[in-house]
*Asks:* 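Have a look at this one before I ask anything.
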Amino acid sequence: MSDTDADIMGGLKMVLDQMRQAVLRRNKSLPQIEPRLVCVSKTKPTPMLIEAYEAGQRHFGENYANELNEKASSADILEKCKDIKWHFIGHLQTNKINKVLSCPGLFMVETIHSIKLAENINKQWPKFNIDERQLNVMVQINTSGEDAKNGVQPSEAANLTEYVIKNCQNLSLKGFMTIGQYGYDCSLGPNPDFICLAKCREDVCSQLGLNLSDMELSMGMSSDFEHAIELGATTVRVGSNIFGHRQPKI
Ligand SMILES: *Cc1c(COP(=O)(O)O)cnc(C)c1O
């Protein structure tokens, strides 16, 4: 299927439907937070995003700073998607912080992976923030232990979380995010990355005296977002099920 053939409205409707079904199957001991769909639009052209926006979608995710900046500042998006809410979900390098923070409509940075990054963003944010609100952030946790995946180790999660809460007045900590290993076969049982993220939330909340239902979990993509919701996801990041498959980056 080429980009222009994707049935965006149909895909969106199907994903939202599947999310509702998954909520009904969710473990009842978990906080019953209504999950939010973040539509991952990386590599996709702005007319496709606008189509999703016009079908009612508000939260969008990008994982390259330059691409996010170009899209968020494009005249089309500024004119037609006034209430868009951008999530940055990629690896954020220090030299790209301003590219991300200067984006109109930036809603959340989901990938805080070090004290240094938190400190930097906390320092820079007031320069870009016109209405003096705090920037929403999540702490990214490397649940799979793979070197290629970013995020703090689960054992470091409480430390980084505490740093953000105590020392970053311009940031508002909303929860935890993981990417996890790709292609996990759910027939083998619950995805260990999702279990690990939920467990991190429990541990960090009990260590720091935080309320479990105040902390979100961002986990699950096209292949496993329903499973993630069953295990407690409050944000799922779905791209290809809505926009069609991506060309691999060259
Ligand atoms: C690309 C991406 C997604 C979405 O992947 P799909 O398989 O297309 O749904 C989710 N999260 C992150 C961090 C991504 O980079």
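We use all heavy atoms of the structure for the numbers below, so side chains are in, but hydrogens, waters and symmetry mates are not. The model shown is predicted, which means the values in this text are computed figures rather than measured ones. Atoms within a ligand are numbered from 1 in the order they appear, just like the ligands themselves.
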*Asks:* Checking the N or O distance criterion of under 3.5 Å, is ligand 1 in contact with Gly239?
*Replies:*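 In this structure, Gly239 places an N or O atom under 3.5 Å from an N or O of ligand 1.
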
*Asks:* Judged by modelled atom types alone, do Thr43 and Arg246 share a side-chain donor-acceptor pair under 3.5 Å?
*Replies:*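 No, no side-chain donor-acceptor contact under 3.5 Å.
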
*Asks:* Pairing donors with acceptors under 3.5 angstrom, does anything connect the side chains of His91 and Asn150?
*Replies:*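 There is such a pair between these side chains.
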
*Asks:* We want to know whether Asp185 and Ser187 form a side-chain donor-acceptor pair, criterion being a heavy-atom distance below 3.5 angstrom.
*Replies:*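 Judged by distance alone, the side chains do pair up.
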
*Asks:* State the atoms of ligand 1, each with its element, that fall below the 4.0 Å cut-off from a heavy-atom position in Asn63.
*Replies:*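 Every atom of ligand 1 under 4.0 Å from some heavy atom of Asn63: 15 (O).
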
*Asks:* Please could you name the atoms of ligand 1 that Ser222 approaches to less than 4.0 Å, counting only its heavy atoms?
*Replies:* 6 (P), 7 (O), 8 (O), 9 (O)

*Asks:* Between side-chain atoms of residues 99-110 and protein atoms elsewhere (two or more places apart, or another chain), which donor-acceptor pairs fall under 3.5 Å?
*Replies:*
unit_1 : atom_1 : unit_2 : atom_2 : d
Ser102 : OG     : Asn69  : ND2    : 3.2
Ser102 : OG     : Asn98  : O      : 2.8
Ser102 : OG     : Lys99  : O      : 3.4
Glu110 : OE1    : Ser218 : OG     : 2.7
Glu110 : OE2    : His87  : ND1    : 2.8

*Asks:* Quick one: nearest non-hydrogen protein atom to atom 5 (O) of ligand 1, plus distance?
*Replies:*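 The protein heavy atom lying closest is Arg246 NH2, 3.8 Å.
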
*Asks:* Between Asn241 and Ser222 (side chain of the first, backbone of the second, donor and acceptor by atom type, cut-off under 3.5 Å), is there such a pair?
*Replies:*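 At least one qualifying donor-acceptor pair exists.
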
*Asks:* Could you name the option among Met221, Lys42, Arg237 that has the heavy atom nearest to atom 2 (C) of ligand 1?
*Replies:* Lys42

*Asks:* Could you tell me, atom by atom, which parts of ligand 1 come under 4.0 Å of a heavy atom of Val238?
*Replies:* 9 (O)

*Asks:* Closest non-hydrogen protein atom to atom 12 (C) of ligand 1, residue and atom name please, with distance?
*Replies:*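 I find the closest protein heavy atom is Ile89 CD1, 3.6 Å.
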
*Asks:* Go through ligand 1 atom by atom and flag the ones less than 4.0 Å from a non-hydrogen atom of Ser240.
*Replies:* 6 (P), 7 (O), 8 (O), 9 (O)

*Asks:* Do Thr178 and Gln140 meet the criterion of a side-chain donor-acceptor pair at a distance under 3.5 Å?
*Replies:*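 Their side chains do not contain a donor-acceptor pair, so the 3.5 Å distance test is not met.
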
